[in-house]
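A quick write-up on the structure given underneath.
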Amino acid sequence: MQILANDLKRQYDLHAAEYEAKALEVLRSGWYILGREVEAFEREWAAMVGAKYCVGLASGLDALWIAFRLLGVGAGDEVIVSANAYIACVMGITINGATPVFVEPDEYDNMDADKIEAAITPRTKAILAVHLYGQSCDMAKIMHIARAHGLKVVEDCAQSHGNHFDGRVVGSIGDIGCFSFYPTKGCGAFGDAGCLTTSDPDIADRARVFRNYGSRVRYQNEVVGANSRLDELQAGLLRVKLTHLEAFNAERCRLAARYDAELTNPCLQKPKIRPGADSSWHQYVVHLPGCRDAMAAYLKEKGIGTIIHYPIPPHMSQAYAYLGHKRGDFPLAERYADEVLSLPMYNGMTEDEQGYVIETINAFRA
Ligand SMILES: *Cc1c(COP(=O)(O)O)cnc(C)c1O
């Protein structure tokens, strides 16, 4: 049996006719940028998140750097971010000239909120709460600390479409929520796409102007903006995807529950879910201390694909050599990079396929 780590064709096949009908509708409409589909999607996505506004953008990275730009976070400022985050999270900070200050992850693979206060300096302007793997950061602690120190909070919800912390959907808790609709994300587009959510009318208004060359009225430019528009085709297709998001999340939740129940190999540590939160199970990430690479190689030999999210922590990346960090600065993040493995998990995964993955993993001997 050949099993991919993520098989997007399966999810497509579940509702192919709906995507194809919507694609043709948009193609035949004669209107391709900033129109009805984008407006409708923005309304629908804001409603799902529980924020007042959503502004469609071209990617998740754009959402991040535009969020920090709108919050006035730039050169000389520091932003606190988890040391095991995705590199794009850090780029969202540094594109504006700000400096990332890393905080170690907790046992839920997200920022350890108890370590934030020690990282605050007079230059700290914001906290970037990255909800990795479909889990949620401890937003209660993060918001409490941010309010006490006058910091802005940006949520990176690229991997967390529709999951909750304390009954609230992530992306509605901080000042701005940033979403990527890269094809592998929970509500994935058929190309690059993203958005930000906020309940602040001023931020929403400035984001709309910024994404379109800083222009509200054609050929009148208020600020130096960007071209970061969600297009009509992606917005239309995302509207179809959004109608299935709850079912997609529920299906991955069932897949996760089966992994939880049936994986018995003692060398593997299963994901822990933060009390008061749920997971949209963007990834099912296990820790394999001392045997991750051996397990991945063994599974590959058995026809099972896996992915490492992520093998190099941002502070060890060549791109961030200029920050001057060295191995040992964030030992937990470095250890996680050596032991995490994302198991196959996708909408449309069959019982037989998952059974084969489970049986194969349980038969592994380190
Ligand atoms: C995917 C992702 C991004 C970047 O999104 P793009 O749409 O690829 O630019 C940012 N942060 C996290 C956590 C992601 O998973």
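Only this structure's heavy atoms are used, side chains among them; waters, hydrogens and symmetry mates stay out. Read the numbers this way: they start at 1 and go in the same order the structure lists the ligands and their atoms.
- Checking Tyr336 against Glu104 by side-chain atom types alone, no donor-acceptor pair falls below 3.5 Å.
- A tilted orientation is assigned to the rings of Phe102 and His315, their planes being inclined by 30° to 60°.
- Between Phe248 and His244, the ring-plane angle classifies as tilted under the 30° and 60° cut-offs.
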I'd like the atom pairs linking ligand 1 to the protein - N or O on both sides, separation under 3.5 Å - with distances to 0.1 Å.
unit_1: ligand 1; atom_1: 5 (O); unit_2: Ser180; atom_2: OG; d: 3.2
unit_1: ligand 1; atom_1: 7 (O); unit_2: Gly60; atom_2: N; d: 2.8
unit_1: ligand 1; atom_1: 7 (O); unit_2: Ser180; atom_2: OG; d: 2.6
unit_1: ligand 1; atom_1: 9 (O); unit_2: Gly60; atom_2: N; d: 3.3
unit_1: ligand 1; atom_1: 9 (O); unit_2: Leu61; atom_2: N; d: 2.8
unit_1: ligand 1; atom_1: 11 (N); unit_2: Asp156; atom_2: OD1; d: 3.4
unit_1: ligand 1; atom_1: 11 (N); unit_2: Asp156; atom_2: OD2; d: 2.7
unit_1: ligand 1; atom_1: 15 (O); unit_2: Gln159; atom_2: NE2; d: 2.8
unit_1: ligand 1; atom_1: 15 (O); unit_2: Lys185; atom_2: NZ; d: 2.6

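- Taking the six-membered ring for Trp and the full ring otherwise, Phe330 and His325 have centroids separated by under 6.0 Å.
- Below 30°, between 30° and 60°, or above 60°: for Phe179 and Phe181 the angle between ring planes is below 30°, a parallel geometry.
- Using cut-offs of 30° and 60° for the angle between ring planes, the Tyr284 and Tyr259 rings count as tilted.
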